[in-house]
Amino acid sequence: MIGVSDSAAEGDPAPGTGPARKRGRVTGSPIAEWSFPADPGAVRTARTAVRRVLNDWGLNGAADMAVLLVSELVTNSLRHATGPIGVRMVLLSAGELLVEVSDPLPDPPQERTAAPDDEGGRGLQLVACSSRRWGTRRGKSGKTVWFELSVAG
């Protein structure tokens, strides 16, 4: 198992380790979760999966931002960790979308200030500025970076 078992959505399962999969309703909330191998194609596959599920949930208005932020976090995981990358989305009852990206590296990501000509270093700033809330937490076998987006109409 990768990521954490202490999900922010209490009582919900942690990201799976099998091929990408979508789960049905658990405790009344729609949940989708996937596990991707740590290879460059994971970013594109994660973007496609997130967009497809948000479309299925009728949340097209949140798709562009969610896809962008997931892309940044999965890319960070690929750069700094080895092993599978978990992505999990939970539609919370308060009109919020919780998105979690987990990897086996226990070290929390570090925000940094990127110089204008730096090619990287803006991912966490983008998450912080674009999400309603965000954070990190350690799990039994790695860490999870999570964010919430408002999806209320």
Side-chain angles (χ1 to χ4, degrees), residues 1-27 29-57 59-60 62-92 96-112 114 118-149 151:
M1 177 177 292
I2 66 162
V4 293
S5 59
D6 58 339
S7 174
E10 189 171 317
D12 293 339
T17 57
R21 61 193 170 113
K22 185 168 93 172
R23 296 182 70 113
R25 291 181 178 266
V26 175
T27 64
S29 295
I31 296 173
E33 59 185 0
W34 308 269
S35 181
F36 303 104
D39 66 52
V43 178
R44 179 175 5 124
T45 306
R47 285 193 303 251
T48 299
V50 167
R51 187 172 300 280
R52 182 177 303 125
V53 168
L54 291 176
N55 181 51
D56 289 350
W57 291 351
L59 299 174
N60 292 328
D64 288 341
M65 185 57 63
V67 166
L68 174 64
L69 299 182
V70 165
S71 180
E72 291 292 334
L73 295 178
V74 170
T75 298
N76 283 351
S77 289
L78 284 172
R79 284 188 176 162
H80 303 288
T82 59
I85 299 165
V87 176
R88 184 170 184 262
M89 297 191 311
V90 181
L91 185 58
L92 303 174
E96 302 292 327
L97 176 68
L98 170 66
V99 180
E100 302 171 317
V101 177
S102 303
D103 64 49
L105 184 68
D107 303 325
Q110 299 294 315
E111 273 190 274
R112 67 182 186 107
D118 286 349
E119 291 191 22
R122 294 176 186 82
L124 288 178
Q125 290 177 346
L126 188 59
V127 171
C129 292
S130 303
S131 61
R132 185 177 136 338
R133 296 186 323 144
W134 78 281
T136 64
R137 67 179 181 276
R138 283 190 180 183
K140 293 178 183 174
S141 60
K143 67 157 172 322
T144 296
V145 180
W146 59 270
F147 64 87
E148 289 181 4
L149 296 175
V151 294

CZ-CG distance between Arg133 and Leu98, expressed to the nearest 0.5 angstrom: 8.5 Å
Got Pro30 and Val90 here, is their nearest side-chain heavy-atom distance under 4.5 Å? no
If every non-hydrogen atom of Leu78 is compared with every non-hydrogen atom of Pro40, which pair is closest and at what distance? CD1-CA, 4.1 Å
Validation row: Val87, Phe36 side chains within 4.5 angstrom (heavy atoms): yes
Return the minimal non-hydrogen interatomic distance between Phe147 and Ser131, and the atom names on each side. CB-CB, 3.8 Å
Tell me if a side-chain donor or acceptor on Lys143 pairs with a main-chain N or O of Pro108 at a distance below 3.5 Å. no
What pair of heavy atoms forms the shortest contact from Pro104 to Ala81, and how long is it? CD-CB, 4.5 Å
So which heavy atom on Trp134 is nearest to which on Leu124, and how close? CZ3-CD2, 4.0 Å
To the closest 0.5 Å, what do you measure between CG (Leu97) and CZ (Arg132)? 11.5 Å
Considering only heavy atoms from C-beta outward, does the side chain of His80 approach that of Asp103 to under 4.5 Å? no
Contact between Leu59 and Leu91 at the side-chain level, heavy atoms closer than 4.5 Å - yes or no? yes
Spatial distance of atom CE (Met89) from atom CD (Glu100) [nearest 0.5 Å]: 11.5 Å
Rounding to 0.5 Å, atoms OG1 (Thr144) and CZ (Arg88) come to a distance of 9.0 Å
Distance-minimising heavy-atom pair for Gly123 and Glu72: CA-OE1, 3.4 Å
Are Trp34 and Val53 packed together at the side-chain level, in the sense that at least one heavy-atom pair is separated by less than 4.5 angstrom? yes
Could you tell me if the side chain of Ser35 sits less than 4.5 Å from the side chain of Ile85, heavy atoms only? no
I need the Met65 CE to Leu54 CG distance, nearest 0.5 Å. 12.5 Å
Walk me through it: do Arg47 and Leu68 pass the test side-chain contact (heavy atoms from CB on, under 4.5 Å)? CA-CA 8 Å; Arg47 285 193 303 251; Leu68 174 64; over 6 Å; no
Within this structure, what is the CG-OG distance for the pair Leu73 and Ser102, rounded to the nearest 0.5 Å? 10.0 Å
Over all atoms of both residues, closest heavy-atom pair of Leu149 and Ala62: CD1-O, 4.3 Å
Is a donor on one side and an acceptor on the other found under 3.5 Å between the side chain of Ser71 and the backbone of Val67? no
State, with a plain yes or no, whether a side-chain heavy atom of Glu148 is found less than 4.5 Å away from one of Leu92. yes
